[in-house]
Amino acid sequence: MEKRGTGVTTTTIHESAALLCGTNLYVKRPKEDVDDELLRAVNGDLSYDIDSAPLVSAGIDDEHDEEPVDDLVNHPEIPGWFSEYCPVWPGQAHFLKVEKILFQGKSQYQSMMVFQSSAYGKVFVLDGALQLTEKDECAYQEMITHLPLCSIPNPKKVLLIGGGDGGILREISRHSSVEQIDICEIDTMLVDIYKKFFPDVAIGYKDPRVTLHVKDGTEFCKYVPQGTYDAIIVDAFDPIRPGHELLDDETPFFELVRKALRPGGVMCIQAESIWFRSFQVDELVAKCRQIFEGSVDYAWTIVPAYPSGVIGFLLCSKEGSYVNFRNPINPINPNNSYGVSKEPLKFYNSEVHMAAFCLPSFAKKVTN
């Protein structure tokens, strides 16, 4: 789920797949038989016509399809419903009723699907894991953006790693002080799919301050001059569980991010749900305190379509000017700050900002 775009190259741990009991939502082709036009797209040729990509507009039928899908586990099935199951969240499955399949295809990196749901609007699925829904994407995109950017005065240069859907770009665009927005996203097909099916999310790419770098985020940071960015937002990793690359002492990602930040600059990265004890949030907090040497804090938001309905964010500042993440010293006007968006903020405000750091008693030890 949390690999919302792959600005950093990772190996997905999801074994889930989108299944309709009777209709398999994945393309019935051998892995090597991928549409040539889609491959040209992910290899850098953006001139292809997305309307010629494999597009499915199919209703739900009851004819059972016996054709196997690669690398799947057995899923709970309800006729006409998308099901997501992953052993990282044991003992549960998530279901959404499907009205219509809009797109299914494969890039060089991953499988993608878009379907119209009856309750959440259009839904984007990546490698079998639900990534975004029209109904609640605002709760994630707005919070991961404005929690860091509203905590520092006048951010000017912002780097986004991952976040290929464009929603975080849309939110950064609301900040008039920002002069430069860089995004690292390796999968150009993913970008084009979002532009076609989720234009109100991908509208962030229309901001003239945005530069798309089709490159792995870690590699990009290796060549960033020291102290370049006021804020770096990371939306690119799979669930942070034992053995995750971010917890590996040999992985230089956080050190590279720290180098790229100016003194007092901030990083925000999605940091799982407080309801799943298998995730190593406390270990991640300890590591970031050691590396960034500034303030570290943990916030959360409500995203109904995600497992457990909540998702967390880890916020870190580089040594320098002290950053109190709980105090939005750079407030954003929810009614006037649109940027390229056609609509005002739906979820974030200063009160929600401060409340996001209020943790239930059992979770307070995460940041102690």
Side-chain angles (χ1 to χ4, degrees), residues 1-8 12 18 25 35 37-57 82 96 100-117 120-142 144-145 160-173 181-207 210-215 217 233-236 270 303 305-306 339-343 346:
M1 174 191 81
E2 271 60 66
K3 193 180 66 174
R4 297 167 42 84
T6 49
V8 175
T12 180
L25 300 189
D35 188 277
E37 288 193 343
L38 297 180
L39 280 178
R40 286 202 300 275
V42 299
N43 285 329
D45 178 8
L46 296 181
S47 63
Y48 81 111
D49 181 1
I50 197 170
D51 290 313
S52 67
L55 192 63
V56 180
S57 293
F82 163 85
L96 289 179
K100 190 177 185 180
I101 308 165
L102 302 174
F103 174 85
Q104 53 184 348
K106 244 181 174 180
S107 76
Q108 176 182 340
Y109 303 100
Q110 52 208 338
S111 298
M112 304 175 206
M113 180 179 64
V114 180
F115 68 87
Q116 183 72 40
S117 72
Y120 283 82
K122 287 197 288 290
V123 178
F124 185 85
V125 177
L126 187 67
D127 286 340
L130 187 150
Q131 300 292 298
L132 177 148
T133 81
E134 287 183 311
K135 182 175 183 177
D136 62 11
E137 56 88 12
C138 60
Y140 182 91
Q141 316 272 31
E142 293 181 17
I144 197 173
T145 305
L160 172 60
I161 297 176
D165 54 77
I168 296 174
L169 297 176
R170 178 194 67 199
E171 296 307 313
I172 298 172
S173 172
I181 307 171
D182 292 318
I183 173 175
C184 294
E185 171 58 61
I186 63 173
D187 198 335
T188 53
M189 176 178 160
L190 179 143
V191 173
D192 286 343
I193 296 301
Y194 270 110
K195 285 181 177 179
K196 178 175 177 63
F197 293 102
F198 299 87
D200 291 339
V201 177
I203 196 172
Y205 286 101
K206 293 187 176 182
D207 192 310
V210 170
T211 301
L212 171 61
H213 303 269
V214 184
K215 193 169 186 178
I233 300 172
V234 184
D235 185 31
Q270 71 82 14
V303 188
Y306 287 179
V340 296
S341 178
K342 299 176 182 178
E343 299 180 347
K346 295 179 180 179

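Count residues from 1 along the sequence. The shown structure was predicted, so the numbers you read here are calculated from the model rather than taken from an experiment.
Summarising the geometry of Ile144 relative to Val234, their closest heavy-atom pair is CD1-O, 3.9 Å, with the distance given to 0.1 Å. Across all their heavy atoms, Gly162 and Ala236 have their closest contact at CA-CB, 4.0 Å. The shortest heavy-atom contact between Gly105 and Met189 is C-CE, 4.2 Å. What you find for Ala305 and Thr133 is that their closest heavy atoms are CB-CG2, 3.7 Å. The two residues Gly217 and Ile161 have their closest heavy-atom pair at CA-CG2, 3.9 Å.
We find the NE2-CG distance between His213 and Asp182 to be 3.5 Å, quoted to the nearest 0.5 Å. For the atom pair OG of Ser107 and CG of Asp192, the computed distance is 11.0 Å after rounding to the nearest 0.5 Å. Here the CG-CG distance, from Leu212 to Leu169, works out to 8.5 Å after rounding to the nearest 0.5 Å. From Tyr109, atom OH reaches atom CG of Asp127 across 13.5 Å, with rounding to the nearest 0.5 Å. Atom CD1 of Ile186 and atom CD of Gln110 lie 7.0 Å apart (nearest 0.5 Å).
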Intermediate values then yes/no, side-chain contact (heavy atoms from CB on, under 4.5 Å), Met112 and Asp187: CA-CA 11 Å; Met112 304 175 206; Asp187 198 335; 3.3 Å; yes
side-chain contact (heavy atoms from CB on, under 4.5 Å) assessment of Val214 paired with Val191: CA-CA 10 Å; Val214 184; Val191 173; over 6 Å; no
Candidate pair Phe124 and Val201, rule side-chain contact (heavy atoms from CB on, under 4.5 Å), full reasoning: CA-CA 12 Å; Phe124 185 85; Val201 177; over 6 Å; no
From CA spacing to verdict: side-chain contact (heavy atoms from CB on, under 4.5 Å), Phe115, Leu102: CA-CA 5 Å; Phe115 68 87; Leu102 302 174; 5.6 Å; no
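Between the side chain of Glu142 and the backbone N or O of Lys346, at least one donor-acceptor pair lies under 3.5 Å. Although no hydrogens or angles enter the test, the distance criterion places a donor-acceptor pair under 3.5 Å between the side chain of Glu134 and the main chain of Lys122.
With sequence neighbours excluded, no residue satisfies side chain to side chain donor-acceptor pair (under 3.5 Å) with Lys135. Remark: Phe198 engages Tyr194 in a ring pair (Phe, Tyr, Trp, His ring centres under 6.0 Å) (not counting sequence neighbours). Legend: residues meeting side chain to side chain donor-acceptor pair (under 3.5 Å) with Ser117, ordered by chain and number and at least two apart, are absent.
Counting only heavy atoms from C-beta outward, the side chains of Tyr140 and Asp235 approach each other to under 4.5 Å. Counting only heavy atoms from C-beta outward, the side chains of Asp207 and Ile172 never approach each other to under 4.5 Å. When side chains are defined from C-beta on, Lys196 does not count as touching Val114, because their heavy atoms never get closer than 4.5 Å. Counting heavy atoms from C-beta outward, Leu96 and Leu130 have side chains that approach closer than 4.5 Å. Using a 4.5 Å cut-off on side-chain heavy atoms (C-beta onward), Arg170 and Ser173 make no contact. In this structure, the side chains of Val123 and Phe82 stay at 4.5 Å or more apart for every pair of heavy atoms.
Taking the six-membered ring where the residue is Trp, Phe103 and Phe197 present tilted rings, their angle falling between 30° and 60°.
With 3.5 Å as the limit, one finds no donor-acceptor pair spanning the side chains of Asp165 and Gln131.
The cationic group of Lys195 lies under 6.0 Å from the six-membered ring centre of Tyr205 and within 45° of the ring axis, placing it in a cation-pi geometry.
Each of Thr145, Val210, Ile181, Ile183 was compared with Leu160 under the side chain to side chain contact (heavy atoms under 4.5 Å, CB included) criterion, and only Ile183 meets it.
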